[in-house]
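Below, all heavy atoms of this structure are taken into account, side chains as well, without hydrogens, waters or symmetry copies. We number each residue from 1, following the sequence as shown.
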Amino acid sequence: MEAGKLQLEQVDFRLNEVFEWLADLTAFRAREKGLALLFDLAGDLPERLRGDPLRLGQILLNLTSNSVKFTEQGRIDLSVQVQAHTDRDVTLRFEVRDTGIGMTEQQLAQLFHAFSQGDQSITRRFGGTGLGLAISKHLIHMMGGEIAVASSEGASTASAFAKTPPCACACP
């Protein structure tokens, strides 16, 4: 990525398959912690898209895994909505909300920097390298999108926008 050699794939895919994969990877850990993990896919989402389902899945896995990691009780909601739709592309808004520990303004300012976490106590308590959100931000920008996080004590919301062309009719 740093060398600018990473290329996003452009393949036809079904968004629900990305969410099935994500559920397979995150549901057990959430259930193990007693957390409710809910997916809300808007009814007007295109069934098929063209883009990089692996990278999109990696972004959503990172956001969801962070929510599971930093939430001790309550719930995690992952929703996706159509933000904008043209003949050429669709902008999807992905949002992960949780009832986790939340972050301070200072922690939020460092959130998307590589090898950076809220503070050293976060690293000791929860582990991690501090790379996931920096990588996710880069991937989202490559997709023509933005990522943001809003947080307060006891709750966080990560929002990501990504653009993708709708799939042609021949999409499987």
Side-chain angles (χ1 to χ4, degrees), residues 13-47 49 51-83 91-141 143 145-162 164:
F13 71 97
R14 294 177 186 269
L15 189 59
N16 66 331
E17 291 174 355
V18 173
F19 276 84
E20 288 170 7
W21 173 82
L22 182 63
D24 287 345
L25 293 175
T26 57
F28 176 77
R29 180 73 175 122
R31 192 172 33 253
E32 189 176 67
K33 290 182 76 175
L35 302 172
L37 177 62
L38 305 169
F39 292 161
D40 180 17
L41 282 68
D44 63 343
L45 292 171
E47 184 179 331
L49 299 168
D52 194 330
L54 176 63
R55 300 291 190 264
L56 177 60
Q58 289 174 330
I59 294 164
L60 296 175
L61 177 63
N62 182 268
L63 295 175
T64 306
S65 294
N66 280 348
S67 284
V68 171
K69 183 192 299 188
F70 295 111
T71 301
E72 295 299 323
Q73 61 182 351
R75 60 190 283 162
I76 298 159
D77 298 313
L78 173 56
S79 64
V80 59
Q81 302 173 342
V82 173
Q83 190 72 26
T91 302
L92 302 178
R93 177 187 173 101
F94 298 90
E95 192 168 277
V96 180
R97 292 180 172 268
D98 64 52
T99 55
I101 61 174
M103 291 173 276
T104 66
E105 290 291 325
Q106 182 180 2
Q107 290 168 328
L108 286 171
Q110 297 298 314
L111 197 58
F112 295 107
H113 297 261
F115 302 108
S116 177
Q117 292 190 339
D119 58 46
Q120 291 303 320
S121 67
I122 297 291
T123 304
R124 281 192 301 277
R125 183 172 171 202
F126 295 101
T129 62
L131 279 174
L133 288 174
I135 291 169
S136 293
K137 180 178 181 178
H138 185 77
L139 291 171
I140 289 168
H141 283 170
M143 294 177 183
E146 297 284 330
I147 186 168
V149 175
S151 186
S152 60
E153 188 174 337
S156 294
T157 301
S159 300
F161 300 89
T164 181

Just to verify, what does S151 make a side chain to side chain donor-acceptor pair (under 3.5 Å) with, not counting sequence neighbours?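 Here the qualifying residues are S156.
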Between [Y] and [X], is there a side-chain heavy-atom distance shorter than 4.5 Å?
X	Y	value
L139	Q58	yes
V80	E95	no
P46	L49	yes
V149	M103	yes
N62	L133	yes
H141	E146	yes

If the condition is salt bridge (charged side-chain N to carboxylate O under 4.0 Å, His left out), which residues does D77 pass it with, not counting sequence neighbours?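 For D77 the salt bridge (charged side-chain N to carboxylate O under 4.0 Å, His left out) partners, ignoring immediate neighbours, are R75.
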What residues form a salt bridge (charged side-chain N to carboxylate O under 4.0 Å, His left out) with R29, not counting sequence neighbours? E32
Looking only at heavy atoms, what is the nearest atom pair of [X] and [Y], with distance?
X	Y	value
G51	F13	N-CE2, 3.5 Å
V18	G57	CG1-CA, 3.9 Å
T26	S65	CG2-OG, 4.2 Å
Q73	T99	O-OG1, 2.8 Å
M143	I59	CE-CD1, 4.0 Å

Quick one: [atom1] on [X] to [atom2] on [Y], what's the gap to the nearest 0.5 Å?
X	Y	atom1	atom2	answer
I101	K69	CD1	NZ	10.0 Å
F94	L78	CZ	CG	8.0 Å
Q81	S79	CD	OG	5.5 Å

Check each of L22, L56, N66 against L61 using the side chain to side chain contact (heavy atoms under 4.5 Å, CB included) test, and report the only one that passes. L22
Between K33 (side chain) and E72 (backbone), is there a donor-acceptor pair under 3.5 Å? no
Who are the side-chain contact (heavy atoms from CB on, under 4.5 Å) partners of D44, not counting sequence neighbours? A42, V82
With sequence neighbours left out, what residues match S67 under side-chain contact (heavy atoms from CB on, under 4.5 Å)? I76, V96, D98
For F19, what residues pass the ring pair (Phe, Tyr, Trp, His ring centres under 6.0 Å) criterion, not counting sequence neighbours? F39
